[in-house]
Amino acid sequence: MQLNPPITHWQGRRVWLVGASTGIGLACAQALRAAGALVVVSARNPQGVQDWAAQDAGVKWRALDVSDGAQVQATARALLAEGPLDMVVYAAGYYRAQRATAMDMDDLLQHDKVNYQGALQVIHAVLPGMLSQGSGHISLLSSVAGWRGLPNGLAYGPTKAALTHLAETLYMDLQDQGIGVSVVNPGFVATPLTAQNQFTMPALISPEEAAREMLKGWAKGQFDIHFPKRFTLWLKLLRLLPYRLYFPLVRKFTGL
């Protein structure tokens, strides 16, 4: 069932990808550009994006700290002055494993600042323009880690749960305004964030495969874009379990 207008043709579409200097965000920017989109990539650090942008007129780099509301507003104004945005992808993410037995309040708040509050800042900056033009698409990069509570996810998981909830509410508010909304829930993807994990990650995929799945999801008009299915479908089943079964099952398989 299509919950959004399918996006199958990217030629000439302007897409702003926030938090896309590495990992899934960068791979998605490269896939969109290969499909003909005009992409603007933003993040705090340019990594290898500046060299790419210097060689391709269809790629632009805008440095951005999503925790700085004034900077987000200024960057959005500058982009909108050049023309409307057809899609905004929020891919900024921060991850550090944390458990309640060793709480780090500063780190907890940093997760919230980047993963959730940054998304609010960007949406607040671009939504008026999309509403006035009566079109556009907002896609939020969440995670299956936000589907249910998991060990080591004290800081990360709740922010991704909030992001998914935000996408659901945005969809209901914006569906009749001509604006599409989607939430992307990857499993394990080989990125600088997951490189911190000290355990074997099941069904690990590359950022390029993740980007392909995202474009497929947008082409099908999906709201919930999750992958790889061989992993995420099992997690969806786990969401249905009552707590008396869920808690011991997670303990058994994680050893925590």
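Excluded from the calculations below are hydrogen atoms, water molecules and symmetry mates; all remaining heavy atoms, backbone and side chain alike, are included.
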Assess Arg148 against Tyr246: is NZ or CZ under 6.0 Å from the centre of the six-membered ring, and within 45 degrees of the ring's axis?
yes
Evaluate the criterion side chain to side chain donor-acceptor pair (under 3.5 Å) for residue pair Asp107 and Tyr94; output intermediate values, then yes/no.
CA-CA 10 Å; Asp107 196 55; Tyr94 178 80; 2.6 Å; yes
What closest approach, in Å, do Ala203 and Pro228 show between heavy atoms, and which atom pair accounts for it?
O-CG, 3.5 Å
Quick one about His124 and Gln73 (side-chain donor to acceptor, distance below 3.5 Å, no hydrogens or angles considered), yes or no?
yes
Might you confirm whether atom CZ of Arg251 has over 12 heavy atoms from other residues, nucleotides or ligands at distances under 6.0 Å?
no
Tell me, yes or no, whether the heavy-atom count around Arg244 atom CZ, taken from other residues, nucleotides or ligands under 6.0 Å, exceeds 12.
no
Quick check against the 3.5 Å criterion: does Arg44 have a side-chain atom that pairs as donor or acceptor with the backbone of Val66?
no
Return the CZ to CG distance between Phe223 and Asn4, rounded to the nearest 0.5 Å.
8.0 Å
Between Asp224 and Lys236, does any side-chain N to carboxylate O distance fall below 4.0 Å?
yes
Distance, nearest 0.5 Å, that separates OG1 of Thr75 from CD of Gln121:
11.5 Å
For Val49 and Ala20, the nearest pair of non-hydrogen atoms, with its separation, is CG2-O, 4.1 Å
Gln117: which residues meet the side chain to side chain donor-acceptor pair (under 3.5 Å) condition with it, sequence neighbours left out?
Asp112
List for me each residue that meets side chain to side chain donor-acceptor pair (under 3.5 Å) alongside Arg33, sequence neighbours excluded, and say none if there are none.
Asp56
Within one Ile-Leu-Val-Met-Phe-Trp-Tyr cluster: Leu163 and Leu154, side-chain cutoff 4.5 Å:
no
Kindly give the heavy-atom pair with the smallest separation between Ala145 and Leu150, and that separation in Å.
CA-CD1, 4.2 Å
Out of curiosity, Lys113 NZ to Leu109 CG, how far, rounded to the nearest 0.5 Å?
7.5 Å
Main-chain N/O of Leu141 paired to Lys160 side chain as donor or acceptor, under 3.5 Å:
yes
Hey, mind stepping through His111 and Tyr116 against side chain to side chain contact (heavy atoms under 4.5 Å, CB included) and telling me if it holds?
CA-CA 8 Å; His111 279 79; Tyr116 182 65; over 6 Å; no
Taking only Lys NZ, Arg NE, NH1 and NH2, and the carboxylate oxygens of Asp or Glu, determine whether Lys216 and Glu209 approach each other closer than 4.0 Å.
no
Taken to the nearest 0.5 Å, the spacing of Gln2 CD from Lys220 NZ works out to 11.0 Å
For His9, is there any backbone N or O sitting under 3.5 Å from a side-chain donor or acceptor partner on Arg13?
yes
Between Glu208 and Ala27, which heavy-atom pair has the shortest distance, and what is it?
N-CB, 3.9 Å
Any side-chain to backbone donor/acceptor pair from Ser42 onto Arg62? Under 3.5 Å, distance only.
yes
Asp173 and Leu170: CA distance, side-chain angles, deciding distance, side chain to side chain contact (heavy atoms under 4.5 Å, CB included) verdict:
CA-CA 5 Å; Asp173 285 349; Leu170 284 171; 5.8 Å; no
